[in-house]
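Indexing begins at 1, ligand by ligand and atom by atom, following the structure's order.
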Amino acid sequence: MPLYIITGANRGIGLEFVRQLVTTPNATVIATTRSTSTDDSDLKQIKASQDGSSLHILHCETSNTESIASFASSAIPLIKSNGGKVDLLINNAGINATSSDNALTFLDHPSSLTNHMNTNVLGPMSITKHFLAYLSQGSVVFNLTSGLGSLGRGIVKCTTYAISKASLNMASVHLAGHVDVMRQGVRVIVCDPGWVKTRMGGPEAMIEAEVSVKGMLEVVRKASIGKDGGEVGKCKFYLYDGSEVQW
Ligand SMILES: NC(=O)c1ccc[n+]([C@@H]2O[C@H](COP(=O)([O-])OP(=O)(O)OC[C@H]3O[C@@H](n4cnc5c(N)ncnc54)[C@H](OP(=O)(O)O)[C@@H]3O)[C@@H](O)[C@H]2O)c1
């Protein structure tokens, strides 16, 4: 009875994760949307058509600590009644809200950096902390990052977003190496989904969400059985196709 959690699941890559994960036999899928006023019609359609797994739609504003705590208190009874283990936590919700920023202009509106850090770094880390007690041997924390967050590749665009994703990468390295996370046998992966056709990626993007998510779930599968990226204590940075990315 595998249990999966996906944040930011009403559209884009998060929705596609749900679409593919509900096909797992006997799975419990917990999908979050920002709030009760989010348009969750695509998720509801999946819920209506699913067969053999159960989809729960909960709410989480991932930049807000109270909302994260409230989401966790709704999700934990579901986790307990489905075996008590979270097999996969996908921290997918993210923003790239001031994409024209560069190294000088991002200083003109520092609140944007705060917003990106809250959503893209503190949110995923806080959500993971709330569910840590339910992560155990073989569980995977899968943080959606971006190639723009790679220091090694050094792509110079979307400065605010890039800083936040580089921070998420570092936070993930520290999470993987945390004594409790290692003792519990939890794997931590950061993954660049590629340039995907979503609202964030835009219509010019190269990859369909279906292809990206299929590749990322293969990365998860290998990590969960201790293959590539499956080394406890060491976070790995992958592209959706399973190739490793420079930090
Ligand atoms: N698409 C790409 O080419 C690309 C490339 C590299 C990395 N990524 C990463 O992949 C992930 C998914 O991206 P995407 O392309 O699917 O983006 P998207 O189409 O813009 O969807 C983003 C999702 O995150 C949710 N979200 C954003 N901020 C939130 C918040 N504060 N609280 C709750 N939910 C929030 C959105 O909810 P609402 O509908 O309520 O806004 C939406 O469900 C992100 O982490 C992104 O950085 C994407």
Side-chain angles (χ1 to χ4, degrees), residues 5-20 30-44 46 57-72 75 89-99 101 111-112 114-128 141-150 153 155 157-169 171-172 189-213 215-217 219 237-241 245:
I5 299 176
I6 306 114
T7 64
N10 52 299
R11 60 187 170 92
I13 292 168
L15 180 67
E16 184 59 31
F17 268 120
V18 174
R19 200 170 270 133
Q20 295 193 22
I30 300 175
T32 76
T33 72
R34 191 187 294 256
S35 73
T36 49
S37 51
T38 303
D39 175 3
D40 62 357
S41 48
D42 289 331
L43 274 177
K44 284 198 171 128
I46 295 173
I57 304 169
L58 301 180
H59 307 295
C60 184
E61 161 55 72
T62 62
S63 65
N64 179 288
T65 48
E66 286 85 26
S67 178
I68 292 170
S70 157
F71 158 55
L89 168 58
I90 303 178
N91 285 304
N92 167 76
I95 52 166
N96 181 7
T98 51
S99 56
D101 285 347
S111 60
S112 180
T114 305
N115 191 21
H116 282 74
M117 294 301 277
N118 285 338
T119 308
N120 295 350
V121 187
L122 296 175
M125 295 302 289
S126 173
I127 290 167
T128 305
V141 176
F142 197 78
N143 290 337
L144 270 287
T145 186
S146 165
L148 298 178
S150 159
R153 291 182 70 194
I155 307 163
K157 60 191 273 202
C158 305
T159 299
T160 306
Y161 175 72
I163 291 170
S164 72
K165 290 296 190 182
S167 300
L168 174 65
N169 291 353
S172 303
I189 300 223
V190 292
C191 194
D192 173 4
W195 188 19
V196 185
K197 289 178 189 162
T198 62
R199 201 178 300 173
M200 185 187 288
E204 305 297 310
M206 315 274 289
I207 307 159
E208 298 295 338
E210 187 183 350
V211 173
S212 170
V213 167
M216 289 192 281
L217 288 177
V219 171
F237 185 174
Y238 285 110
L239 185 61
Y240 75 95
D241 64 2
V245 182

When you compare the side chain of Val18 with that of Asp42, does any pair of heavy atoms fall below 4.5 Å? no
Expected contact list for ligand 1 at under 4.0 angstrom, heavy-atom basis, is Gly8, Asn10, Arg11, Gly12, Ile13, Arg34, Cys60, Glu61, Thr62, Ser63, Asn92, Ala93, Gly94, Ile95, Thr119, Leu144, Thr145, Ser146, Tyr161, Lys165, Asp192, Pro193, Gly194, Trp195, Val196, Thr198, Arg199, Met200, Gly201
Query raised in the report: Do Asp39 and Ser41 meet the criterion of a side-chain donor-acceptor pair at a distance under 3.5 Å?
Result: yes
- Query: Is a donor on one side and an acceptor on the other found under 3.5 Å between the side chain of Gln20 and the backbone of Glu210?
  - Reply: yes
Measuring only between side-chain heavy atoms, which start at C-beta, is Asn96 closer than 4.5 Å to Lys165?
no
When rounded to the nearest 0.5 Å, the distance separating CG of Asp101 from OG1 of Thr160 is 3.5 Å
State, with a plain yes or no, whether a side-chain heavy atom of Asn92 is found less than 4.5 Å away from one of Ile13. yes
